[in-house]
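Before any comments, here is the structure.
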There are 4 protein chains.
Amino acid sequence: MIIQLDLESDIPIYRQLVNQIIEGIATGLLNPGEQLPSVRSLAADLGINLHTVNKAYTHLKQEGFLQIHRQKGALIQPHSMPQADTPFKHKLMAEVRPLAAEAICRGMNEDAFIAACRAAYSSIHHNKGGTTP
Amino acid sequence: MIIQLDLESDIPIYRQLVNQIIEGIATGLLNPGEQLPSVRSLAADLGINLHTVNKAYTHLKQEGFLQIHRQKGALIQPHSMPQADTPFKHKLMAEVRPLAAEAICRGMNEDAFIAACRAAYSSIHHNKGGTTP
Amino acid sequence: MIIQLDLESDIPIYRQLVNQIIEGIATGLLNPGEQLPSVRSLAADLGINLHTVNKAYTHLKQEGFLQIHRQKGALIQPHSMPQADTPFKHKLMAEVRPLAAEAICRGMNEDAFIAACRAAYSSIHHNKGGTTP
Amino acid sequence: MIIQLDLESDIPIYRQLVNQIIEGIATGLLNPGEQLPSVRSLAADLGINLHTVNKAYTHLKQEGFLQIHRQKGALIQPHSMPQADTPFKHKLMAEVRPLAAEAICRGMNEDAFIAACRAAYSSIHHNKGGTTP
DNA sequence: GTGGTCTAGACCACT
DNA sequence: GTGGTCTAGACCACG
């Protein structure tokens with residue numbers, strides 16, 4: 001799986017890493033039980049600090065997307081992916097609200113806004129079933 | 001208009017302020033041309049520093065949502081709100097994508113995700129036309 | 001002479017007033033020895049604070065463009081307009097330099113920059129000889 | 001690159017900083033991609049507060065002259081400098097006009113005025129290609 | 001009284 | 001060590 005970082009972005013690198021790994025799981029590029037590169041090698045590949053990779057992995061572990069074994073390294077949660085429980089739904093709403101508000105101020109009607117959301121969802125989900133390179 | 005800050009949140013206070021003011025405009029609680037409290041009074045009301053309020057106001061001014069008059073204080077942009085131009089649409093997609101990805105991982109299907117987005121949009125837009133308290 | 005203020009501008013109102021009066025003199029809309037409206041009436045006409053008008057007049061007096069008589073009010077310097085002495089030339093250079101620098105950064109060549117300066121000069125000077133409304 | 005501040009000037013310190021950095025880019029003293037001192041070290045060097053430097057850097061970032069990396073610090077925009085678009089040309093005209101008007105009042109003819117503008121442009125541009133000290 | 005600027009000192013997130 | 005954020009207190013320009 002290819003990870004593309006934007007070092008000039010306002011988004012912290014570890015956050016970009018988290019997002020892309022989650023996206024990888026969502027698209028099926030990363031499958032449950034699959035091995036992830038070690039902190040060291042991934043950091044080397046991406047040319048970033050190994051603390052940064054570590055922070056991303058830790059974050060993903062706390063969210064339940066990863067398991068971290070001391071020797072075997074990290075692997076995608078093999079059994080039970082985290083669910084869309086109410087806390088997550090609240091978080092989702094809390095993050096979408098400000099976007100919706102700004103969209104409304106800028107004159108986007110509901111259809112246009114929903115179309116954008118649907119496009120975002122589809123652009124990820126349509127890839128599902130892809131092979132693991 | 002009532003502003004509710006969460007000082008514990010990891011979202012910067014000035015950002016929360018920005019979001020809530022945009023939301024206020026979107027709902028119609030704040031109308032174009034309407035006066036906003038002075039940085040000092042709002043800071044006092046919210047129990048935060050005036051520089052924090054100032055940062056939020058300045059940010060909103062640069063985005064085109066506010067006008068800042070030298071001594072009349074700040075008011076909601078009376079004429080042309082910023083438009084939903086391509087940069088904004090890109091930003092919107094970029095922020096929705098990771099949310100969609102996580103939703104997919106957590107097993108939300110497209111309908112459920114879209115329903116959440118629509119709920120967020122509606123919860124703001126339905127208030128439109130409300131009186132100015 | 002018509003004065004057009006932009007209350008939303010970053011430029012202080014008194015400064016806009018100063019600039020427009022100087023421009024009026026430059027175009028010949030205001031002639032040496034001519035009477036200016038009283039502080040009170042001008043302030044009323046423009047809908048601004050009378051301190052603001054007063055500040056503009058005082059500023060122009062210090063620069064030598066106006067005479068202020070206690071009873072007769074203000075009039076355009078009848079005899080010797082200030083000259084383009086070295087202090088002024090220094091000031092002029094000091095204000096043009098940053099503009100030139102930014103223009104260079106933005107890829108304007110010398111001709112384009114000079115053309116803009118010449119256009120600014122001409123747009124004022126060409127009006128010269130106009131009647132005093 | 002040497003920065004010279006006038007703490008007595010009525011031009012805000014952060015503005016002087018902005019201007020001098022833009023001038024540095026224009027002269028070629030600062031080259032695209034080049035590293036700038038950290039806010040802390042520059043503030044220490046200049047004997048001013050780090051927030052003042054930060055304000056200048058942030059301003060330049062928003063204008064597109066700088067990139068700010070989270071911990072690499074600031075560097076001159078490596079790729080595409082901002083362009084001389086119409087907004088900039090309008091701003092340029094708006095700032096040159098009052099200068100031209102005063103020059104006319106003071107009896108400078110067009111040639112003299114243009115000569116001054118050309119001198120300002122040349123004094124910056126002629127240094128172009130200089131080495132980076 | 002309003003925002004604009006500057007200073008000072010602190011804590012945190014990021015790498 | 002870097003920038004980002006927040007607080008606090010001060011002075012000034014503006015109107």
Side-chain angles (χ1 to χ4, degrees), chain A residues 5 7 9-17 43 46-56 59, chain B residues 5 7 9-17 35-44 46-59 61 66-75, chain C residues 5 7 9-17 43 46-56 59, chain D residues 5 7 9-17 35-44 46-59 61 66-75:
Chain A
L5 297 179
L7 300 179
S9 165
D10 296 1
I11 302 165
I13 296 176
Y14 91 94
R15 206 73 192 77
Q16 295 183 47
L17 207 46
L46 298 173
I48 60 179
N49 194 298
L50 100 188
H51 289 26
T52 310
V53 177
N54 195 38
K55 182 161 190 173
H59 190 93
Chain B
L5 297 178
L7 303 181
S9 166
D10 50 352
I11 301 169
I13 295 177
Y14 89 94
R15 208 70 193 77
Q16 295 183 46
L17 243 177
Q35 194 80 27
L36 258 57
S38 77
V39 285
R40 280 179 172 77
S41 68
L42 184 52
L46 299 174
I48 61 178
N49 192 281
L50 93 176
H51 287 112
T52 308
V53 178
N54 193 33
K55 184 165 188 175
Y57 277 14
T58 305
H59 191 90
K61 173 191 166 196
L66 251 57
Q67 278 183 3
I68 299 183
H69 283 26
R70 214 166 304 284
Q71 71 294 353
K72 282 167 39 187
L75 35 101
Chain C
L5 297 178
L7 300 180
S9 165
D10 296 1
I11 302 167
I13 296 177
Y14 91 94
R15 206 72 193 78
Q16 295 183 47
L17 207 47
L46 298 173
I48 60 178
N49 193 298
L50 102 189
H51 290 26
T52 310
V53 178
N54 196 38
K55 181 161 190 175
H59 191 92
Chain D
L5 297 179
L7 302 181
S9 166
D10 51 351
I11 301 168
I13 296 178
Y14 89 95
R15 208 69 192 78
Q16 295 182 46
L17 243 178
Q35 194 81 27
L36 259 56
S38 76
V39 286
R40 280 180 171 75
S41 69
L42 184 53
L46 298 174
I48 60 179
N49 191 281
L50 93 175
H51 287 112
T52 308
V53 177
N54 193 34
K55 184 165 189 175
Y57 276 16
T58 304
H59 190 91
K61 174 190 167 195
L66 249 57
Q67 278 182 2
I68 299 183
H69 283 26
R70 214 166 304 283
Q71 72 294 355
K72 284 167 37 187
L75 37 100

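Each chain gets a letter, A, B and so on, in the order the sequences are listed, and its residues count up from 1.
Listed by chain and number, the residues in a side-chain hydrogen bond (donor to acceptor under 3.5 Å, both in side chains) with B/Gln67 are C/Glu8 (sequence neighbours excluded). Applying the side-chain hydrogen bond (donor to acceptor under 3.5 Å, both in side chains) criterion to A/His51, with sequence neighbours excluded, gives A/Asn49. Residues passing the side-chain hydrogen bond (donor to acceptor under 3.5 Å, both in side chains) test with D/Ser41, sequence neighbours excluded: D/Ser38. When the side-chain contact (heavy atoms from CB on, under 4.5 Å) test is applied to D/Val39, the partners found at least two apart in sequence or on another chain are D/Val53, D/Asn54, D/Tyr57.
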Between protein and nucleotides 12-15 of chain F, what N or O pairs are separated by less than 3.5 Å?
residue : atom : partner : partner atom : Å
F/dC14  : OP2  : C/Lys55 : NZ           : 2.8
F/dG15  : OP1  : C/Ile13 : N            : 2.9
F/dG15  : OP2  : C/Tyr14 : N            : 3.4
F/dG15  : O3'  : B/Gln71 : NE2          : 3.0

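In terms of heavy atoms, B/Leu17 sits closest to B/Leu5 at N-CD2, 4.3 Å. Between B/Arg40 and B/Leu50, the shortest heavy-atom contact is CG-CD1, 3.8 Å. Between C/Gln16 and C/Ser9, the shortest heavy-atom distance links the atoms NE2-CB, 3.6 Å.
Of the candidates D/Ile68, D/Leu66, D/Leu75, D/Leu66 is the only one forming a side chain to side chain contact (heavy atoms under 4.5 Å, CB included) with D/Leu36.
For F/dG3, neither phosphate oxygen OP1 nor OP2 lies less than 4.0 angstrom from any side-chain nitrogen or oxygen of D/Asn54.
Nearer the 5' end of DNA chain E, as judged by each residue's closest nucleotide, is the contact made by B/Thr58, out of B/Thr58 and D/Gly47. Mapping B/Leu7 and D/Pro37 onto DNA chain F by nearest heavy atom places D/Pro37 at the nucleotide closer to the 5' end.
Rounded to whole Å, atom C1' of F/dG4 lies 18 Å from atom CD of D/Gln67. Protein atom CG of A/Leu17 is 13 Å distant from nucleotide atom P of E/dC14, rounded to whole Å. The separation between B/Asp10 atom CG and E/dC12 atom P is 14 Å, rounded to whole Å. Remark: C1' of E/dT2 and NE2 of B/His69 are 13 Å apart, rounded to the nearest angstrom. One interatomic measurement links the two molecules: CD of A/Gln16 to C1' of E/dC14, which rounds to 12 Å at whole-angstrom precision. To the nearest angstrom, P of F/dC6 lies 10 Å from CG of B/Leu5. Atom CG of B/Leu75 is separated from atom C1' of E/dG3 by 13 Å (rounded to the nearest Å). Atoms OH (D/Tyr57) and P (F/dG4) sit 12 Å apart, rounded to a whole Å.
Listed for the B/Arg70 side chain is a donor-acceptor partner under 3.5 Å among the backbone atoms of C/Asp10.
Consecutive Watson-Crick or G-U pairing (both distances under 3.5 Å) extending over three or more pairs maps onto DNA chain F as E:1-14 with F:1-14.
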